[in-house]
Amino acid sequence: MISDDIQGIGMTSQRTRDRLVERLRDKGIRNERVLEVIRTTPRHIFVDEAMAHRAYEDTALPIGHGQTISQPYIVARMTEVLLEDGVPDVVLEVGTGSGYQSAILSRLVPKVYTVERISGLLQKARDAHRRMGLMNVFSKHSDGSWGWKPNAPYPAIMVTAAPESVPPELFEQLAVGGRMVIPVGSRGGVQELKLYTRTPDNIEETTLELVQFVPLLDGAVP
Ligand code: SAH
């Protein structure tokens, strides 16, 4: 039954998920709402069945097409940083991937827009969102470097693939007072996780920590 596999057994059980949340707490995640949403979101439905037994390890896992579902600590950290100043009405995510990060966001903010360049991944992410009954995630198959202009400006933008420098369109689509969390740096190497906040006449940059993301690539692929 679908509800049974969302609930999980053995390596995907609630106890296993509780242990993951304890680990995130030990690593410094403080936002209790974020921790609660991670505790109650089935990460195993966002990975292939063969990987399901590892879904509650604090590690990135392959999701096909050479891409990965982000490490839970990074999902928690980026979410916590985005929400630090209050809950935005809407978030734009670039890099839907498995759809796990957008599912976490969708339980914390009213509306999530997410963009993915690989159509096969987007289809699977949409299926997982449907299985969870999420109604507030809107997704598009496109190159997210261009943002998602008709719904801009955004009070919050999260980019989950790393460009060498921030695409200017994303700065343009960030609202005044808005926050953008994004890894920036060289391909295949280590990147810096940055927080950009937009003031009326400036953009302020803070470096949070070193991270390793797949690269932000040009163009949509079928
Ligand atoms: N947030 C995802 C992380 C997936 S990895 C999750 O929770 O699983 C990063 C994703 O970004 C990959 O799926 C990759 O295909 C996508 N990506 C890379 N460049 C992109 C671009 N220019 N536009 C949209 N998506 C992109």
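Read the numbers this way: they start at 1 and go in the same order the structure lists the ligands and their atoms.
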What are the distances between nitrogen or oxygen atoms of ligand 1 and protein nitrogen or oxygen atoms, counting only those under 3.5 Å?
unit_1   : atom_1 : unit_2 : atom_2 : d
ligand 1 : 1 (N)  : E93    : OE2    : 3.0
ligand 1 : 1 (N)  : G95    : O      : 3.0
ligand 1 : 1 (N)  : T160   : OG1    : 3.1
ligand 1 : 7 (O)  : Q101   : N      : 3.0
ligand 1 : 8 (O)  : S98    : N      : 3.1
ligand 1 : 8 (O)  : S98    : OG     : 2.6
ligand 1 : 13 (O) : E116   : OE1    : 2.8
ligand 1 : 13 (O) : E116   : OE2    : 3.4
ligand 1 : 15 (O) : E116   : OE2    : 2.6
ligand 1 : 19 (N) : L217   : N      : 3.0
ligand 1 : 22 (N) : D143   : OD1    : 2.8
ligand 1 : 22 (N) : L217   : O      : 2.6
ligand 1 : 23 (N) : G144   : N      : 2.7
ligand 1 : 25 (N) : R117   : N      : 3.4

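- When only modelled atom types and interatomic distance are considered, Q101 and T79 share a side-chain donor-acceptor pair under 3.5 Å.
- A salt bridge (Lys or Arg N to Asp or Glu O under 4.0 Å) with R179 is found for exactly one of E205, E204, E84, namely E84.
- Side chain to side chain, Q14 and D18 meet the donor-acceptor criterion of an N or O pair below 3.5 Å.
- Salt bridge status for R39 with E36: present, with a side-chain N to carboxylate O gap under 4.0 Å.
- To the nearest 0.5 Å, atom OG of residue S186 and atom CD of residue E192 are 10.0 Å apart.
- With respect to R25 and E32, a salt bridge is recorded, a charged nitrogen being found less than 4.0 Å from a carboxylate O.
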